[in-house]
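Please read the structure below before turning to the comments.
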Amino acid sequence: MSRLSVNIDHVATLRQTRSAKFPDPVHAAVMAEQAGADGITLHLRGDRRHIADRDVYLIRQIVTSHMTLEISAKQEMIDIALQIKPDMVTLVPERTGEQTTERGFDLPEEGGELESPVEQLATEGIIVALFVNPTEENMKTAAALGADYVELNTTYYAEAESFEEEVSALRTIEKAAHLASKLKLGVAAGHALNYRNVTNIAAIEPVEELSIGHSIIARAVFVGIEQAVREMKSIIRTAREPRIA
Ligand code: PXP
């Protein structure tokens with residue numbers, strides 16, 4: 001069964017719409033863990049649009065499961081990570097002004113810029129993941145760079161406009177996941193996963209961890225974060241059970 005890391009960024013988004021003190025993503029992290037989250041993920045963006053530095057410091061102190069910090073590979077962010085020491089850092093490409101992470105790294109093209117960040121984080125014993133599109137070249141380059149994990153970008157699968165497109169994107173992710181595992185990389189997956197489309201991804205054997213935010217926080221508005229996390233966990237839990245044809 002894949003682990004579920006709950007991304008709490010959008011609790012902070014709601015807080016920032018009023019520059020208020022609530023809802024507090026720290027509170028959300030505690031409740032998500034109590035409901036069975038296997039980890040907490042937060043993305044400290046260069047523009048501090050949702051998660052603030054204070055959230056990262058506090059969450060490091062209260063998380064008892066596994067903390068993943070998503071950041072760009074800029075030195076300013078690497079320095080924060082080295083100071084905070086999350087369990088895992090996921091490096092992501094970040095474009096100023098983007099609504100959400102728009103793409104995974106193209107490692108054969110961009111890998112050179114990641115060499116030093118990966119090394120600095122690894123030296124401090126932080127697990128390093130690279131957010132990548134599911135291509136053979138990306139898996140091979142991630143392994144060559146010394147990353148511990150790849151996080152496979154599931155956006156193309158999640159946003160497929162036809163059944164054929166969805167199946168094709170799923171096969172691409174499956175292939176990349178198996179190759180990554182063969183190359184001794186840990187495999188995570190995420191972005192745009194929800195209560196409907198998560199099953200196929202959670203069913204892929206090498207996928208160890210799912211990183212899910214928006215759909216869980218959106219559901220939490222109606223049913224509360226504990227139930228929203230429990231429901232997602234339950235879908236993930238049964239995803240690898242044999243299905244009746
Ligand atoms: N993985 C990465 C690398 C991301 O940047 C994000 C969004 O911050 C997620 C997963 C979670 O995506 P979503 O909010 O669509 O579940």
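Both ligands and their constituent atoms are indexed starting at 1 by order of listing. No experiment lies behind these values; they were computed from the predicted model shown. Along the sequence shown, residues carry numbers from 1.
When A158, S211, A188 are checked for heavy-atom proximity to atom 11 (C) of ligand 1, S211 turns out nearest. In this structure, of E70, E102, H191, E98, the residue bringing a heavy atom nearest to atom 2 (C) of ligand 1 is E70.
Here the side chain of T238 pairs a donor or acceptor atom with the backbone of I235 at under 3.5 angstrom. Looking only at distances, no side-chain donor or acceptor of R45 sits under 3.5 Å from a matching main-chain atom of I51.
Sorted by first and then second residue, the side chain to side chain donor-acceptor pair (under 3.5 Å) pairs involving residues 18-32 (not counting sequence neighbours) are D24-R54. For residues 220-239, every residue pair satisfying the salt bridge (Lys or Arg N to Asp or Glu O under 4.0 Å) rule, not counting sequence neighbours, is listed here: D38-K233, R219-E231.
Note on ligand 1: A192 sits in its first shell, one or more heavy atoms being nearer than 4.0 Å. Ligand 1 is never approached by T90 to a heavy-atom distance shorter than 4.0 Å.
When all heavy atoms of A81 and P86 are compared, the closest pair comes out as O-CD, 3.4 Å.
Considering backbone and side-chain N/O of H10, none are found under 3.5 Å from N/O of ligand 1. Taking distance alone, with nitrogen or oxygen atoms compared against 3.5 Å, G213 approaches ligand 1 more closely than that limit.
Contacts between T41 and ligand 1 below 4.0 angstrom, taking non-hydrogen atoms only, are absent altogether.
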